[in-house]
Novice: 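My questions will all concern the structure given below.
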Amino acid sequence: MIQRILSIFPVLLTVATLAFALQAIAPGDPARLLVEASGLSPAPPEAVAAKRQELGLDAPVIERYLRWIGDAAQGDLGRSHRTYQPVTSMYLERMPATLALALVAAAISAVIALPLGILTAWQRGSWIDRLGQLVAVIGTAAPGFWVALMLMYVFGIRLGWLPVFGSLTPSGIILPAIVVALPNIAFLTRLTRMATLEVLSADFLTVARMKGLSEWRLALRHVTPNVLAEISTMLGLQLAGLMTGAAVVEYVFAWPGIGRLAVESALVRDTPVVVGFAVMAGLIFVVVNLITDLLVARLDPRVRSL
Amino acid sequence: MRDQSPRRVRVLALALVLCLIVPLAACGGDADDSESAIPASTAASSTQPSSADATPGGQGGELRVATGFLPATLDPGADGFGMVQFGIAETLTRIGADQQIEPWLAESVESEDTRQWRIRLRDGATFWNGEPVDAAAVEASLRRALDTIPSAAQYLDPDVTMTVVDERTLDLSFDDPLPTLPNNLATFHLVIATEDASALGGLSMTGPYQVAQHTPDDRLVLNAYAGHWSGTPPFDSVTVRLVRDANARMLGLQAGEVDLVTEVPTELTVGVGGGVEIISSASTRVHHVVLNHARSPFDDFAVREAFAVGIDRDLLNDLTLAGLGASTSTFFPADLGLPTIPPIETDVDRAAEILDAAGWVEGGDGVRQKGGEALRFVLHTYARRPELPAIAVSIQDQLRAIGFDVEIHQVDDISAQMSSGDFEAAMFSVNLVPIGDPRYALNVSLVSDGIYNYGGIQNDRLDEIATELLTEGDAQTREGLVLEAQQIVRDDASNVYLVAAPLVIAYQSDTIAPFEMRSNDLYLIDTSIQPAS
């Protein structure tokens, strides 16, 4: 297990290095964009030069990288070029909002996708199956920002049921969570359908049917637990994906989460915050996986011994 | 039957993980409660003692604003623009209607010889911490700006001698004449502030609304400063929320979640109902095309002239800005109180004649040619100002009619593209009169060493005029020089000026009383915005 924990660090180092390198080779001058972001547009050259010097951007990229990675190893991801706040605290401040959005979206996804996936497999080839596949296609293909604006218009203005802007409140979280959940519903529905089809073809189910068990009993006692077992690992990865993949939705709904922070920072090439997002996203993925594995190992001696 | 135990355990483990973190999501509260919508840690940081706690109180109510821009810091050096824009900070003077200088924290700024200036401060102005805005405080504030803000030196000579005459009088003395000092004092680089450890950001300022909470990239919460020199501000508080997506901003306004929206794209101004009022004003920001005089085809004067004459600016304005901008064929927009020469009349036939006379003859494909070279160029544009790519397309269409072949390239960093010299023509947008001083436009974009003179304009007389404007104090003479400069640029077809960008604001008429907006986007929130009666 210690080996497993230690394996996190090379992953994070690779992610951080790639993110830093991509930022370094991306077109555009961060100093110029940062000056323009403060209201000076177009940025006067002397202001750009002063900003470049202030941020240490005159130094060779290797030198900047080594300095940054050295600090990061000590838990210091640097300070934002725009706000001068520590990057780590900026992300920690916004983490509860992102976590809440991801969890509500995950709950919505599970409540819709799991029954729908099982049902479409059970009724394979029927109109229900085709409807489920249509939902999956729409959920995957519909652009998030467009769906967001449509839902804002319908539920915020026409019906007046929900607030247009997102907020960390029961009513304020619903629309953003639905938009975040949509592609996830599509993916999980198809995944559940495939897992259900596999279970339905298993020998033990034929035996159970021969024993005269009802379809409902088969579904609840035999099919559903096996399907959940099949997709459980993917559910964990989906949760991590929901936390790090909601940037566009956070942006449109003005949701105060880490995705919006990353987008805002990327637009003005606030390198420490953008690279910090890559590190945070990598960290979220490996930690969620690790926690799941640790809990499995704690509860099941056979897994612990593997 | 397969062994299911490890899988069941895995499911249980996942459920346990979810159970551990689900309670974090149970942050209750009402949807309209803006405080509850703030991440807990952020809200906590905002409750640190600040001078905003000491003197709250406006005439009542909250002004809710959705904007596409929010200052990243509370540092006037980095974000002075946002400080002034949202009614937090003030300068000694400000730009009024028709680009005239108005007193603000200064009651008057006067000089006999434009070297020795006397600033008389407004009576009763105080910082948020209650200290008076007296001559000593203003001197300290200007010194701090010169010491800490590199751009401040463009507006105030660091070698200036400042003398406190009495509590309300400060004398400034310069070695050389500086006739534009009243304009220069309006720059947001020179906001008046005093150090105050209890204030968020460490500075106490003078605006009608003081900072109570600042969450970068999210919101700015301001409380009325009851001690403001103009009297009690009209609102108890102002919440400025950053909503980058313009469609979302407008939907929020229509849903009644905000009272006022800034930076409304012109395409969203049509067909908006629900009590939403839209007001606009042409601004001093001019969209134009920078021509590279060192590259073909714009090294040919006839091509530049045909371009300038062949473009229909009114059509551009109607097609791309819903008619809310103001056509202009010189570097100052018309009707904003600045001296301007008569506009260029669009004349496609004359443009064709100019090209014919210069030897650019029409080819079989409709593209003119001269000596085997096609009349073809790349027009660079950029997305940061969303209307520019649309204007570029309209230019491409209009120029095709007179035999140009225009290819449009969109780049991220237009300044870098032009700085490299690798361009023929580029869309550009600059606020050419940021402090009401006409010399600025010449100095930055038309003199030989102007920072935005990417096209390589070289004209000795323009350089001389810019130098004369630096020290010339007579208003009539200055106006004559400005008109002469415009005519030189016109006669040379140095750049192609198109349209003054509109500033567009939308507000809910049942919560905000009608108000007049300024042509300078530096001023947005002030005491002129009042609740509807």
Side-chain angles (χ1 to χ4, degrees), chain A residues 27-29 32 37-40 42-47 50 82-85 92-94 96-97 99-100 103-104 149 152-153 156-157 160 163-165 167-172 202-204 225-226 228-229 232-233 235-236 251-254 256 260-261 264 291-292 295-296 299-300 302-303, chain B residues 1-2 4-14 16-18 21-22 24-25 27-31 33 36-42 69 71-73 78-79 81-82 85 150-151 188 215-218 241-245 247-248 251-252 254-255 257 384 412-413 415-416 428 430 451-452:
Chain A
D29 181 352
R32 184 190 305 280
S38 70
L40 267 178
E46 74 276 6
R82 288 181 306 142
T83 67
Y84 306 103
Q85 291 179 314
L92 291 179
E93 278 179 7
R94 287 158 177 80
L99 192 58
L103 288 171
V104 175
L149 292 172
M152 284 175 169
Y153 178 72
I157 293 180
V164 166
F165 299 143
S167 63
L168 206 53
T169 60
S171 59
D203 293 341
F204 76 89
N226 280 284
L228 285 175
S232 58
T233 308
L235 283 174
Y251 186 82
V252 175
F253 281 100
R260 181 182 173 204
L261 174 64
E264 298 282 359
I291 289 175
T292 307
L295 287 170
V296 168
L299 294 171
D300 187 346
R302 286 170 299 178
V303 175
Chain B
M1 191 166 171
R2 68 186 70 179
Q4 298 169 38
S5 297
R7 285 181 182 148
R8 285 180 191 281
V9 172
R10 191 176 278 260
V11 172
L12 282 173
L14 184 71
L16 191 53
V17 172
L18 290 174
I21 47 185
V22 158
L24 288 172
C27 304
D30 188 81
D33 181 356
S36 66
I38 300 160
S41 54
T42 306
F69 165 80
T73 70
D79 288 288
F81 182 88
Q85 190 177 48
S151 302
F188 58 83
T215 309
D217 294 334
D218 187 38
R241 190 165 182 182
L242 179 67
V243 182
R244 288 275 193 206
D245 188 277
N247 289 290
L251 288 170
Q254 291 175 71
E257 289 176 39
R384 182 169 167 77
D412 286 331
D413 191 338
S415 297
F428 203 39
V430 185
I451 55 174
Y452 303 140

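A note on names: the letters A, B, ... follow the listed sequences, proteins ahead of strands, and every chain is numbered from 1.
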Novice: Report the C-alpha separation of Thr215(B) and Arg94(A) in whole Å, then their side-chain angles, then the decisive distance to 0.1 Å, and conclude whether the side chain to side chain contact (heavy atoms under 4.5 Å, CB included) test is met.
Specialist: CA-CA 11 Å; Thr215(B) 309; Arg94(A) 287 158 177 80; 4.3 Å; yes

Novice: For a quick test of reading the model, state the closest non-hydrogen atom pair linking Asp218(B) to Ala254(A) and the distance between them.
Specialist: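 In terms of heavy atoms, the two residues are closest at OD1-O, 4.3 Å.
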
Novice: Please name the pair of heavy atoms, one in Ala255(B) and one in Gly156(A), separated by the smallest distance, quoted to 0.1 Å.
Specialist: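 Shortest heavy-atom separation between Ala255(B) and Gly156(A) comes out as CB-O, 3.8 Å.
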
Novice: Could you tell me whether the side chain of Gln254(B) and the main chain of Ile157(A) form a donor-acceptor pair under 3.5 Å?
Specialist: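 Not confirmed, Gln254(B) side chain does not pair with Ile157(A) backbone.
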
Novice: Measuring from Arg82(A):CZ to Thr73(B):OG1, what's the distance to the nearest 0.5 Å?
Specialist: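 It is 10.0 Å, given to the nearest 0.5 Å.
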
Novice: Please lay out, stage by stage, how Met152(A) and Asn247(B) fare under the test side chain to side chain contact (heavy atoms under 4.5 Å, CB included).
Specialist: CA-CA 10 Å; Met152(A) 284 175 169; Asn247(B) 289 290; over 6 Å; no

Novice: Counting only N and O atoms by type, is there a donor-acceptor contact under 3.5 Å from the side chain of Arg260(A) to the main-chain atoms of Asp217(B)?
Specialist: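 Checked: pair present.
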
Novice: What pair of heavy atoms forms the shortest contact from Phe165(A) to Arg241(B), and how long is it?
Specialist: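 Nearest heavy atoms, Phe165(A) then Arg241(B): CB-NH1, 3.5 Å.
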
Novice: Give the intermediate values and the outcome of side chain to side chain contact (heavy atoms under 4.5 Å, CB included) for residues Val252(A) and Val243(B).
Specialist: CA-CA 7 Å; Val252(A) 175; Val243(B) 182; over 6 Å; no

Novice: Do you know the tightest heavy-atom contact between Asp245(B) and Tyr251(A)?
Specialist: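 Heavy-atom minimum between the residues: N-CE2, 4.4 Å.
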
Novice: Is it the backbone or the side chain of Pro216(B) that comes under 4.5 Å from a heavy atom of chain A, or both, or neither?
Specialist: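 For Pro216(B), backbone and side chain are both near chain A.
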
